[in-house]
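In what follows, a structure is listed as structure tokens, so that the remarks can point back to it.
Starting from 1, each residue takes its place in the sequence as its number. Counting convention: from 1, in listed order, for ligands and their atoms alike.
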Amino acid sequence: MSRIYVTRPFLPDINEFVNEIEPIFDSHILTNMGPVYNKFQHRLKDYLDVPELSLFVNGHMALEMAIQAFDLDKAGRERGGGEVITTPFTFVSTIHAIKRNGLTPVFCDINSDDYCIDADKIGSLITDKTVAIIPVHVYGHICDTDKIEGIAKQHGLTVIYDGAHAFGETYKGVGVGNFGDATMFSFHATKVFNTIEGGAIAFKDKAHSLPLHELKNFGIHDEEHIGAVGGNAKLDEFRCAMGICNLRHVDECIAARKEVHDKYHERLDGIKGLTLSSPGKDVKPNYAYMPLYVEPEEFGRTRDDLYKALKRKGIFARKYFYPALNEIDIYKDCPGGETRIAADVSRKILTLPIYDSLALETVDEICEIIRG
Ligand code: T4K
């Protein structure tokens, strides 16, 4: 078997991409929110069915700048140091985005079934310094948006979802980018939908358009006016062209991922000690990840045993997300509640290969290795 990685990016037919970039070679407009950017933004906003959308160079900068655009850093300074409730079971980007805004992450435990923040444990972590909740739709599982937003409303907190894994999903028929005050999406090469690198913020209140624009483009209003302190996080024309191509195919990609997902379930369901994730109720899923929870006392082997057995055969599953982020040196002193479930899950979960072009025979072979 040739090497199999946890994911493999979708690429359109090369001629389709060439067609899409040809106008760039005519216009020589390579970046700075040109015509391809605007076309892509327009199509994506329709696809995600969100009121407002702002494109960014990647998901991380989108989240970091959204935190700033929503003035959470300022609210934090006014309180002598703001706190943001989030979870330790995520990619490190989520926590860096909070910390790099001068805010303190406060770690809340997760649910044992969907691995998202345990909304019932948020209330006890709220202090007079809390400014926001940043929950993560981890693996594309949708957080308990009703409960989270109820708590936020009661305490006057902002909610920004890290939806890096939730591209194109709906919950109860509503595009996932409509929940909370804002949602970040990632279009990294490893995601269900990619623009090579890229990301976006979906948000409700149009008033945030200008601050987001200022932050990603040096605060420039026009040639003679600079209205704010900004950085540079623009998505260029070539990546937008890739986005336009890939958006045409994303539904086929998700359908192919579903077949892979179903095959894993067919081969691994019912084995004692193994639990594969399934989409939540009322969710239109995207099958972004294929997490397998391994209970060694029942299965007889550990998550790490499986990781090594697969690796020996050239299959590179990943331990997303290990270690839990409140166990790493730079964040271990951050406040929070007991995070027993996050600690357990981070030690027992293995994310198996899943992508649109993964052959079902290969999934069979992966399952054979797992079954031993
Ligand atoms: N929030 C959450 C919850 C996230 O998961 C992420 C990103 C973010 C925020 C930040 O969004 P971005 O700023 O990235 O848009 C990867 C990705 O780099 C990262 O985007 C992703 N989450 C994270 C979960 O995974 P690594 O360090 O594990 O990637 P890497 O390079 O080991 O890639 C994994 C496998 O994918 C490789 O073994 C081979 C394959 N691959 C990878 C790339 C880059 C390819 O086949 N082609 C490629 O071009 O972080």
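Looking at residues two or more places apart in sequence or on another chain, you find no ring-ring contact (aromatic ring centres under 6.0 Å, His included) involving H155. Scanning for ring-ring contact (aromatic ring centres under 6.0 Å, His included) contacts around Y264 gives an empty result, with sequence neighbours left out. With sequence neighbours excluded, the residues satisfying side chain to side chain contact (heavy atoms under 4.5 Å, CB included) with A288 are V192, N286.
Between M184 and M65 there is no side-chain heavy-atom pair separated by less than 4.5 Å.
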Can you give me a line-by-line list of nitrogen or oxygen pairs between ligand 1 and the protein shorter than 3.5 Å?
unit_1: ligand 1; atom_1: 1 (N); unit_2: D162; atom_2: OD1; d: 3.3
unit_1: ligand 1; atom_1: 1 (N); unit_2: D162; atom_2: OD2; d: 2.7
unit_1: ligand 1; atom_1: 5 (O); unit_2: H165; atom_2: NE2; d: 2.7
unit_1: ligand 1; atom_1: 13 (O); unit_2: G59; atom_2: N; d: 3.4
unit_1: ligand 1; atom_1: 13 (O); unit_2: H60; atom_2: N; d: 2.9
unit_1: ligand 1; atom_1: 15 (O); unit_2: G59; atom_2: N; d: 2.9
unit_1: ligand 1; atom_1: 15 (O); unit_2: S186; atom_2: OG; d: 2.7
unit_1: ligand 1; atom_1: 18 (O); unit_2: H188; atom_2: NE2; d: 3.4
unit_1: ligand 1; atom_1: 20 (O); unit_2: H188; atom_2: ND1; d: 3.3
unit_1: ligand 1; atom_1: 20 (O); unit_2: K191; atom_2: NZ; d: 3.1
unit_1: ligand 1; atom_1: 22 (N); unit_2: K191; atom_2: NZ; d: 2.8
unit_1: ligand 1; atom_1: 25 (O); unit_2: Y320; atom_2: OH; d: 3.3
unit_1: ligand 1; atom_1: 28 (O); unit_2: R318; atom_2: NH2; d: 2.8
unit_1: ligand 1; atom_1: 28 (O); unit_2: Y320; atom_2: OH; d: 2.5
unit_1: ligand 1; atom_1: 32 (O); unit_2: R318; atom_2: NH1; d: 2.8

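Residues Y289 and Y115 keep their aromatic ring centres 6.0 Å or farther apart.
Using the six-membered ring where Trp is involved, F10 and H249 have ring planes that are tilted, between 30° and 60° apart.
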